[in-house]
Trainee: 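I'd like to ask some things about the structure below.
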Amino acid sequence: MAPPPPPPPRLLLASHAAVRAAASARRGRLAGDHHPPQVAALRRGDWVKLICGASFEDAADVRNLSLVYTLAGVDCIDCAADASVVGAVNEGIDVAASIVPSVQSPWVMISVNDDCRDLHFRKAEFDPEDCPPDCSKPCEKVCPADAISLERVMIEGKHSQSDPSSGKLEGGVITERCYGCGRCLSVCPYDRIRAMSYVRDPTKTAELLKRNDVDAIEIHTTGKGTDMFNTLWSNLGDSINNVKLIAVSLPDVGDSTVNFMNAIYTTMQSHLQGYNLWQLDGRPMSGDIGRGATRETVSFAVHLSSMSNRPPGFYQLAGGTNSYTIESLKKAGLFQSTTFAATSGVTDCQQAFIGGIAYGGYARKIVGRVLRKIPAQFGHARIEDHPDYLLEALQEALSLVGPVKGYPTLPSL
């Protein structure tokens, strides 16, 4: 029998927790602040949310991502509204707490939609038997989630690699890994890939909201009208009162954006018992592409900063966020800049206009490339069983979370 894996080097991991605690102490709390630490972070402007993906349902990866980013100090982990995925997030948080007992547990948020036109709620689909056997498989190459796997197989004893036209392709989309980015749709030379959209079942969502390990909900809306939002809100009923935070994710729809937001807020207001947040969704699912992807969400924030009639609530960036987002926010004068605001649950206080940043595709990319280094023979590996990889992944996560939180620069591990 193989010996058990060595435990993670806890002293080194604990040192990261100590650095975070020291940075937090230096920042200090706002005067008279009696709110949860997650809300205090929103008020300071250093809230960080990990987006696992509204449609990403690979529980093993979600677990490991949650573990790493909990250790890195995120305030919230946003995941698919699926019981097994919620369980994976909480397992990752629990393991992080077993490694560094003083770590702050992030809020767990589930994402739902009111409209099947929302790009976050779709899956790629195609039949590999419809694909020419000699296809160069550009869909497999372009997928950021490794959600497409195609293999040439032999037919009638002929080896398909030596004669591609004599074989066929098997495999296709790994549904639980596809999060709907759509990059495969445009690269298929034969136009064989379809996007299958869906709406989360509000009845199942309401049941999830009754769990004691779900703290927040995010409702994605397209900005194309309030009727579908109102219907979803009504269907969720009293279950919405079980959460601490209600977020609404929406795109910038131009001059009508603020009026749309105020209409949404009017719908929510009568049942709003906790905090509310507006997620400014710039360029969805694009943060891993490069520097330019972050421009739209920062432009969205600049647009709203000039509007005096914007609705109450915290504001947070998403959609194209990456390592360049803070630089762009600083250039716009919006990084942790304060404003005198009246906010749901927080009135007459100075707080940051942009409460924080949500990182999705880029956050998954930098830690995912470490997860992929774990040898395949370990199957669905638990990253804590591989201390070197755990520390490497944590370093990657800290490189993203640290600049928002104001952590001191850490040496390479």
Side-chain angles (χ1 to χ4, degrees), residues 35-39 41-42 47-71 73-98 101 103-114 118 120-121 176 179 198-221 229 231-249 268 270-277 279 314 316 318 344-345 358 360 364 380 382:
H35 301 283
Q38 293 86 357
V39 176
L42 282 166
W47 154 282
V48 180
K49 182 177 80 170
L50 167 66
I51 302 175
C52 292
S55 290
F56 188 72
E57 297 167 330
D58 186 321
D61 259 20
V62 167
R63 174 197 183 278
N64 286 331
L65 286 166
S66 300
L67 191 167
V68 171
Y69 278 98
T70 296
L71 289 174
V74 299
D75 300 283
C76 182
I77 299 177
D78 182 1
C79 70
D82 175 88
S84 63
V85 176
V86 170
V89 171
N90 280 289
E91 183 179 335
I93 294 171
D94 290 344
V95 174
S98 73
V103 75
Q104 173 188 294
S105 292
W107 280 350
V108 177
M109 173 184 284
I110 58 172
S111 274
V112 300
N113 58 326
D114 65 1
D118 190 289
H120 300 86
F121 296 83
E176 65 269 20
Y179 60 81
Y198 64 97
V199 176
R200 290 286 182 187
D201 183 345
T203 302
K204 292 181 179 178
T205 298
E207 288 302 312
L208 282 174
L209 295 180
K210 295 175 183 176
R211 294 172 51 147
N212 60 11
D213 56 0
V214 173
D215 305 288
I217 184 173
E218 181 166 272
I219 300 174
H220 289 252
T221 189
F229 182 94
T231 298
L232 173 60
W233 186 262
S234 176
N235 288 338
L236 292 175
D238 291 339
S239 67
I240 207 77
N241 297 329
N242 295 323
V243 296
K244 305 177 180 76
L245 176 72
I246 299 169
V248 176
S249 179
M268 296 193 301
S270 61
H271 283 81
L272 196 58
Q273 297 187 7
Y275 302 93
N276 78 294
L277 179 148
Q279 176 166 284
F314 295 109
Q316 170 222 275
S344 174
R364 297 192 299 270
H380 292 306
R382 306 187 312 169

Trainee: Tell me, do N64 and V68 make a side-chain contact under 4.5 Å, heavy atoms counted?
Mentor: no
Trainee: Can you name the closest pair of heavy atoms from L208 and A83 and give their distance?
Mentor: CD2-CA, 3.9 Å
Trainee: What distance do I240 atom CD1 and S234 atom OG have between them, rounded to the nearest 0.5 Å?
Mentor: 11.5 Å
Trainee: Quick check: closest heavy atoms across N235 and P202, and the distance to 0.1 Å?
Mentor: CB-CB, 3.9 Å
Trainee: Which pair of non-hydrogen atoms, one from V86 and one from A80, has the smallest distance, and what is that distance?
Mentor: CG2-O, 4.1 Å
Trainee: Taking side chain as C-beta onward, heavy atoms only, is V243 less than 4.5 Å from M109?
Mentor: no
Trainee: Could you go through V48 and Y69, starting from their C-alpha distance and side-chain angles, then the distance that decides it, and tell me whether this counts as side-chain contact (heavy atoms from CB on, under 4.5 Å)?
Mentor: CA-CA 10 Å; V48 180; Y69 278 98; over 6 Å; no
Trainee: Hey, which of H120, R364, E57 is the one that makes side-chain contact (heavy atoms from CB on, under 4.5 Å) with Y179?
Mentor: R364
Trainee: Once rounded to the nearest 0.5 Å, what's the spacing between atom CG of D118 and atom OG of S55?
Mentor: 8.5 Å
Trainee: For the side chain of N113 and the backbone of R200, is there at least one donor-acceptor N/O pair under 3.5 Å apart?
Mentor: yes
Trainee: What's the shortest heavy-atom distance between W47 and Q38, and which atoms?
Mentor: CE3-O, 3.5 Å
Trainee: In terms of ring plane angle, is the pair F314 and Y275 parallel, tilted or perpendicular, where the classes change at 30° and 60°?
Mentor: tilted
Trainee: Indicate the atoms forming the closest heavy-atom contact of A88 with A59, along with that distance.
Mentor: CB-O, 3.4 Å
Trainee: How long is the gap from CG on D215 to CG on N90, to the nearest 0.5 Å?
Mentor: 8.0 Å
Trainee: Could you grab the distance from atom CG of L209 to atom CG of D238, nearest 0.5 Å is fine?
Mentor: 11.5 Å
Trainee: Just say parallel, tilted or perpendicular for the rings of F121 and H220, cut-offs at 30° and 60°.
Mentor: perpendicular
Trainee: Quick one, R211 and N242 - any side-chain contact, counting heavy atoms below 4.5 Å?
Mentor: no
Trainee: Where is the tightest heavy-atom contact between V85 and C79, given as atom of each residue plus distance?
Mentor: CG1-CB, 3.8 Å
Trainee: Using 0.5 Å steps for rounding, measure from the CD1 atom of I246 to the CG atom of L236.
Mentor: 9.0 Å
Trainee: I'd like to know if the side chain of K49 pairs up with that of Q279 as donor and acceptor (distance under 3.5 Å, no hydrogens or angles considered).
Mentor: yes
Trainee: I'd like to know if E207 and K204 make a salt bridge, using a cut-off of under 4.0 Å between side-chain N and carboxylate O.
Mentor: no
Trainee: Would a 4.5 Å heavy-atom cut-off, applied to side chains only, mark P37 and D75 as touching?
Mentor: no
Trainee: Measure the spacing between SG of C52 and CD1 of I110 and express it to the nearest 0.5 Å.
Mentor: 13.0 Å
